[in-house]
Amino acid sequence: MKRSKFFTGIAAAGILTLTLTACGEGRADSGGGSGSSEGALVGVAMPSQQLERWIADGANVKSELEERGYKVDLQYANGDIPTQISQIENMVTSGVEALIVASIDGTTLTSVLETAERQDIPVIAYDRLINGSETVDYYTTFDNYQVGVQQGTSLLTGLGILNENGKETGEKGPFNIELFAGSPDDNNAGFFWNGAMDTLQPYLDSGVLNVPSGQTKFEQAAIQGWLPANAQSRMEDLLTVGGGAELDGVLSANDGLAIGIISALTSAGYPKDDLPVVTGQDADLASVKSIIAGEQYSTIFKDVRKLGERAVIMVDDLLKGEKPEVNDTETYNNGKKVVPAYLLESEIVTIENYEEVLVDSGFYTAKELK
Ligand code: BGC
């Protein structure tokens, strides 16, 4: 079946944009609450500098905090769990009054966060939930399940199964696709996968979509550490396992993986101007350029400027003894408690709407995308 990239995700993005209503619930159950936060030191722990988005996240959070008069200890852990633990230990020792943590593997931080709690240091989980710990006070992230729904939807739109309004076209395929999930130690990866698979499953069941390798389980599709090189080698293997079937689409959980997948496809002889529909996430510069060049099909834009701002508002509220605003008190159970969360919206980006979404909003300049 010939691939059709006829339809774009732009209207589907509109349809799927969720409406999150802030309900203002939450608990100010941690933090100094002295009402005086002037000049306080805030620790910001980020997972790595290997991925563009975390560099942007760190820079945004730091400048937002500084604008509000805070001092900032920003650390990147190079994707290494012991490094992240010791960075947070050092932050606690050096007298931070609040912590913002984007964990590598949230389950490994229980002990250091207990130390923080004993010192009445509030902890905000940033983007990724910290699992297995009582001591996480608040969480801010994007609606991660919805990100997965958007990834699945943009794959269907790119293949021509859905039209620009998100309606079925009657296109029956069958289309050959392969599936790539994120790192199993990242709590978000399961949400992305579930959102995408709930969207794709009806088409897998009806035979409109087919996975030549038969690898349709999260454990089979997951890429440890979100490493692009691992995605590349898995894609190379799948092209062999799949018996050489021509691929029409690849569900890729983020842009880093998409770059690895596209490299494997082009090395295997797929022409750059007629690649399978490949999805992504993060609107990384390299992937946006690839979308403009007609290679990668879509990405999911998560405006990390808004995420940084939200985390900083939470810290500011807590240190002033106020209750941070949240809009979700059900979804994010970390095994010990449901962590009150503020979820932000994400958006599908394709060649059709990148200018409007990424350039007009000032996320990238037109020059950067040249
Ligand atoms: C983030 C994604 C990112 C991935 C790899 C996830 O937790 O939500 O935006 O692509 O980690 O760093």
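Counting starts at 1 for both ligands and their atoms, following the listed order. Quick note: numbers below take in every heavy atom, side chains included, and nothing from hydrogens, waters or symmetry partners.
With sequence neighbours excluded, the residues forming a salt bridge (Lys or Arg N to Asp or Glu O under 4.0 Å) with Asp186 are Arg128, listed by chain and number. Residues that satisfy the salt bridge (Lys or Arg N to Asp or Glu O under 4.0 Å) test with Glu66, not counting sequence neighbours, are Lys62. Considering only residues two or more places apart in sequence or on other chains, Arg310 meets the salt bridge (Lys or Arg N to Asp or Glu O under 4.0 Å) condition with Glu325.
Using the six-membered ring where Trp is involved, Phe192 and Trp226 have ring planes that are perpendicular, over 60° apart on the 30 and 60° scheme.
The backbone N or O of Ile104 sits less than 3.5 Å from a side-chain atom of Gln84, completing a donor-acceptor pair.
Around ligand 1, the residues contributing at least one heavy atom under 4.0 Å from the ligand are Leu51, Arg53, Trp54, Asp127, Arg128, Asp186, Asn188, Phe192, Trp226, Asn254, Gln281, Asp282, Lys302.
Side chains of Arg53 and Gln281: no donor on one and acceptor on the other come within 3.5 Å.
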